[in-house]
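Below, read A as the first sequence line, B as the second, and so on, with proteins coming before strands; counting in each chain starts at 1. Every value quoted in this text rests on a predicted model; they were computed, and no experiment measured them.
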Number of protein chains: 2
Amino acid sequence: MAACCANTEPAERVIMPDDQSIVEIIQNEILRRICFLETPPGTQLKEAELAGEFNVSRTPVRDAISRISHLGLVETRNGVGSVVMALSPEAIRQVYAMRLELAPLIGTMSPRPITDDHRRLCDDLLDAALVLRVGFDPGRYIQINHRLHGLIADLIGNQSLRAFWWQTYYQAASTWHRLGHALGAEVAEALVSELREVGRALNSGDVAAIGHIQRVHIGYGFARIERHILTGP
Amino acid sequence: MAACCANTEPAERVIMPDDQSIVEIIQNEILRRICFLETPPGTQLKEAELAGEFNVSRTPVRDAISRISHLGLVETRNGVGSVVMALSPEAIRQVYAMRLELAPLIGTMSPRPITDDHRRLCDDLLDAALVLRVGFDPGRYIQINHRLHGLIADLIGNQSLRAFWWQTYYQAASTWHRLGHALGAEVAEALVSELREVGRALNSGDVAAIGHIQRVHIGYGFARIERHILTGP
DNA sequence: GACGGCATAGCTGTATGCAGCTTAGTTGGT
DNA sequence: ACCAACTAAGCTGCATACAGCTATGCCGTC
């Protein structure tokens, strides 16, 4: 569980002995808000404001924003501010193309062992998703997706792959979470299917299967995005 | 040529209209020094010292170091300093495993067109490598390798893949450049072979071939590292 | 009424000061 | 001679002040 090469990883360990610095806390919180659509594209991330919220000075906030700038989700311009950006349709396509390639590698590149915790979490998420199918709630949908992503990322043994998996997740999340608001029933149904398949693979102890399940459902998600959002290049 | 998702990319365009900030300049310079072994593992990166060198305050230097911290090549500890780290043998293995998977994708994920500039550069590099074969010079070896990497990265059309390609390059470079010092003749010979094959592929206009050539030679390089450096886990 | 220039408010970029932490060296005691 | 505690130096982490840039709204002019 080395911390190396795992910047964008929220490090939400079971026991969190406060070993992450203030900058990392702020960084992860900003990322979470972006992919949870709490700060949708167009929102200004004012350093002074965030500084007041976290009871720190502008310095750590500035550092946090600077660290996540490489994801392309935030653009900072001098004299103007840091604004949350929606990735261009072409960028989204490239991110998804990358995720389609990375997914099958989850099971082939030294995956980590499946534990009962993983199975339990998957069951819980499935229950939550079933509730979602009846009455859709965008916030809960995003949260379930997020925790499912964390579950799968936890099975990735290769540090580089795990870091890339998180990076592309954050880049893609904002866009297709926005889609969830539009067509709740469809994505809820898809999420239930995905969780059922993942649960089956977990019970079989087959991490490779999970990788391919991801590959399949990322493809479905991308098709939905292409259909409903992406119009221009 | 969007700047999105391309943090670790040195942006050494033909015309560099000074559009990169001071932080980015310092960031790229630090990374260059690390992978050129000018600041070998164990070296302390003192903020005040670098600040004096670039005629700025500690703030931008601090930001630059913070931005590259996610690569695992620098570890900053409070009260101690920022020290250049050698990746653990296991981390190196994982980075190489990742590069072996990424390489074939260069040709399949919307590669960019080959131009005469690419062919000319490859010829120049081959000439330089031939000279190297007679009298080996670690510094020149590293530089040729670096420019070859830049050439290949320039053929990658997918922004995510290009960013990952750069990230894993920096992570791997320091280690196998260290190896170059030890066995000059062998790596020089390998570099000549690689450049000849890349040149042939460029003349055929076959970017996919270049991806597979990379895959092959990364495998060779990794085997050399396993043989000569990696001993512990 | 419309347009151009200007002033002003607000943000980021940078410099600097200070507090806290770590380590190495030193000094005193046993 | 050895060990322990202490002291001082040096570094990072954070806070704050200021300079520079940008956008917006206002006012004067045509």
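- Looking at which nucleotide of DNA chain D each of P60(A) and V80(A) is closest to, the 5′-most match is held by P60(A).
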Candidate pair D154(B) and R112(B), rule side chain to side chain contact (heavy atoms under 4.5 Å, CB included), full reasoning: CA-CA 8 Å; D154(B) 198 49; R112(B) 299 174 57 193; 3.4 Å; yes
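- If you take CD on Q159(A) and OG on S110(A), they are separated by 9.5 Å, rounding to the nearest 0.5 Å.
- In terms of phosphate contacts, S57(A) brings a side-chain nitrogen or oxygen within less than 4.0 Å of OP1 or OP2 of dA15(D).
- As a whole-Å value, the separation of D63(A) CG from dG13(D) P is 9 Å.
- The base of dG13(C) lies close enough to the side chain of R58(A) for a donor and an acceptor atom to sit less than 3.5 Å apart.
- Under the 6.0 Å distance and 45° angle rule, R224(A) does not count as a cation-pi partner of W176(A).
- When each of dA15(C), dG13(D), dC11(D) is scored by its nearest atom to the side-chain atoms of K46(B), the top-ranked nucleotide is dC11(D).
- Ranking dC18(C), dG13(C), dT22(C) by closeness to the T76(A) side chain, first place goes to dG13(C).
- Separating the CD atom of E47(A) from the P atom of dA15(D) is a distance of 13 Å, rounded to the nearest angstrom.
- Per the geometry, CG belonging to L50(B) stands 15 Å off P belonging to dT14(C), to the nearest Å.
- Place T59(B) and Q44(B) on DNA chain D by their nearest nucleotides, and Q44(B) ends up nearer the 5' end.
- If you measure from atom CG of N55(B) to atom P of dT14(C), you get 14 Å, rounded to the nearest angstrom.
- Spacing between atom CG of N78(B) and atom P of dT12(D) amounts to 9 Å, rounded to whole angstrom units.
- Heavy atoms of L45(B) sit under 4.0 angstrom from primed sugar atoms or phosphate atoms, though from no base atom.
- When rounded to the nearest whole Å, the span between CD1 of I25(A) and C1' of dG13(D) equals 14 Å.
- Across the protein-nucleic acid pair, F54(A) atom CZ and dA15(D) atom P stand 13 Å apart, rounded to whole Å.
- Because its NZ or CZ atom is both nearer than 6.0 Å to the ring centre of F36(B) and within 45° of the ring axis, R32(B) counts as a cation-pi partner of that residue.
- Between the CZ atom of R62(B) and the OG atom of S57(B) there is a distance of 11.0 Å, given to the nearest 0.5 Å.
- Here the side chain of V23(B) is nearest to one of dT14(C), dT22(C), dT16(D), namely dT14(C).
- The side chain of R77(A) contributes no N or O atom lying less than 4.0 Å from OP1 or OP2 of dT22(D).
- Here the nucleotide nearest the side chain of I22(A), chosen from dC14(D), dT14(C), dG13(C), is dC14(D).
- For the pair I26(B) CD1 and dG13(C) P, the interatomic distance rounds to 14 Å; values are reported in whole Å.
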